[in-house]
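Single-structure report; data block below.
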Amino acid sequence: MTNRTDKSIIQARNIEKIYPNGCHALKNVSLDINRGEVVVIIGPSGSGKSTFLRTLNQLETISDGTIHIDDVSLTDRKTNINKVREEVGMVFQSFNLFPHKTALGNVALSPIKVKKKPRAVAEQEGRELLKKVGLAERMNNYPSHLSGGQQQRVAIARALAMHPKIMLFDEPTSALDPEMVGEVLDVMKSLARDGMTMVVVTHEMGFAREVADRVVFMEEGELVFEESPERFFSSDNPRLQRFLGQVL
Amino acid sequence: MEKQSHLLLWKAVFVLIIIGLGFGIYAGSKSIDYTWRWERIPQYIINTEATTVRSPFDGSATIEKGKLIVTSDYGDDPLVIKKFDNLLVSNGDLVFEGDPLAEVENWNIGPLTWGLVMTLQLSVVSLVFAVVIGLFAGLARISSNPALRYLSITYIELIRGTPLLVQIFIFYFFIGTVLDLDRFTAGVAALSVFTGAYIAEIVRSGIQSISPGQMEAARSLGMNYVQAMVNVILPQAFKRTLPPMAGQFINLIKDSSLVSVISITDLTKAGREVVSSTFAPFEVWFAVALMYLVLTGALSWAIQRLEKRLSASD
């Protein structure tokens, strides 16, 4: 196992997830992620990669194991999970923008309500973030008047507005029309360049090859294989080969 | 063009059917032995009957700049009438105590209008309580806490399973006696508890119709459950539940007519009282129906306006 040092900002150890219906979604998954590292998780659908990602901000509880984010234990009952979530931004496959708020309203809502920032300050920061993701012209549009790519970029800005230390991406481009995938990936690449710690579940092999520091392959709830991109894509692991043969 | 003329034709059919119905009602009213006395109704809505002002003392009347002034012979303060509709004395007349001086038209609110005001009060107060009750019961209904959930289900099933009329009697005669409630409070309590159960179900279905991703997104941004509900879920659910809410509010206004059984003089009870003094039941009930229609129509219009305003984000 590489990179398992005390620099880790995420330490997930021996994660088990068994749903009440008996479905065993995660089997003894361990993964440490360093500050500033970009980790891409790939795998067939139903492999538990989204479930694993969602355990990292406790949208999904775990049945066994431990998770530490920045040395805070998520399984400790005394931990205020809302505080942890402020540090861990998440971007969803289906954007999940708040349809009753404008783009700026979406970005500014949480800083106002959770961080108790004055509206003017939160909106000023929101405008800057939207400018950063290339949506300066669209600030006052409602999500229903934005394209999929624009919505996903607003969603990224919304997560960034809480100044998270970690960003989780759950198949951020899977619901997009092909011509809009690029604009979202570009925003993610610039985030990675700025040194953001990112965990990305995706099917974009190009993104994995280009941006990832490490690529993780999951199948049937197990973490099968983790490597640097160069070694990952030239590996002869049979399970990985079978999967790559299907998607490439 | 073809399509448009068809639409016009069907609009004409609608107008014809309405005219036909109106004529049917008119013919029906002619065929029975009933004398229509519509002229008796307006005074029960607004009473403009003139009252006669009489002199309170002996003295003399003077008319100055449209004002009638009566100066007393015995040093009492002079009586000044600034507005009158029909003068019964002339300038310089001697008047004695009790003499008619002038007629003044008074705009008195009639019993039907008082009834309308009472119905409005009942409805508005009940509505506020019903929304509060319904919101909490609806949230409890989807709570993960079994105690809250079962309490809410029990409440909703009990209330929806029994007639409002029976509930009003129970509230007035049993709970009203135990807690020493007056009629109005008992009526409001019965109406809001009844309507609250239906609003709870509307709230529940409204919240459940919002995609779970909204809650996840809100929570992932660090909001706690209450913040996510208040800032993200409820505003969306509110917009989506407006049409069924409007129906429920209109039902509340109409259901408020049932509290007349515990002697609250609402529009319906006022109607019954006016019938017994005018012997004109048909006219009175038509008038009462129209007054209810004004209330519900205004509400319906207001909610439609609100819906339009909220549709900005669609």
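Throughout, protein chains are lettered first and strands after them, A, B, ... in sequence-line order, and every chain is numbered starting at 1. Atom set for the values below is all heavy atoms of this structure, side chains included, hydrogens, waters and symmetry mates excluded.
- Top candidate by heavy-atom pairs under 4.5 Å with chain B, chosen from A/Leu97, A/Ile81, A/Thr102, is A/Leu97.
- Contacts of A/Arg158 with chain B are made by both backbone and side-chain atoms, with heavy-atom separations under 4.5 Å.
- Ranked by heavy-atom pairs under 4.5 Å with chain B, the list A/Val84, A/Asn141, A/Leu59 is led by A/Leu59.
- B/Gln227 touches chain A through its side chain: at least one heavy atom from C-beta onward sits under 4.5 Å away, while N, CA, C and O do not.
- Per-residue counts of heavy-atom pairs under 4.5 Å with chain A were compared for B/Ala217, B/Ala218, B/Ser211; the largest is that of B/Ala217.
- One finds a salt bridge joining B/Arg204 and B/Glu201 here, because a Lys/Arg side-chain nitrogen approaches an Asp/Glu carboxylate oxygen to under 4.0 Å.
- If you check the side chains of B/Ser143 and B/Asn145, you find no donor sitting under 3.5 Å from an acceptor.
- Taking B/Leu116 as the reference, B/Leu267, B/Met291, B/Leu295 meet the side-chain contact (heavy atoms from CB on, under 4.5 Å) condition, with sequence neighbours excluded.
- Looking at B/Arg240 and B/Ser209, their side chains do bring a donor and an acceptor atom within 3.5 Å of each other.
- Of the N and O atoms on the side chains of A/His24 and A/Glu16, at least one donor lies less than 3.5 Å from an acceptor on the other residue.
- B/Tyr198 is linked by a ring-ring contact (aromatic ring centres under 6.0 Å, His included) to B/Phe194, counting only residues two or more places apart in sequence or in another chain.
- Contact annotation for A/Phe98: both backbone and side-chain heavy atoms come within less than 4.5 Å of a heavy atom of chain B.
- Ranked by heavy-atom pairs under 4.5 Å with chain B, the list A/Pro143, A/Ser144, A/Ala159, A/Gly89 is led by A/Ser144.
- Using a 4.5 Å cut-off between heavy atoms, A/Leu168 does not touch chain B at all.
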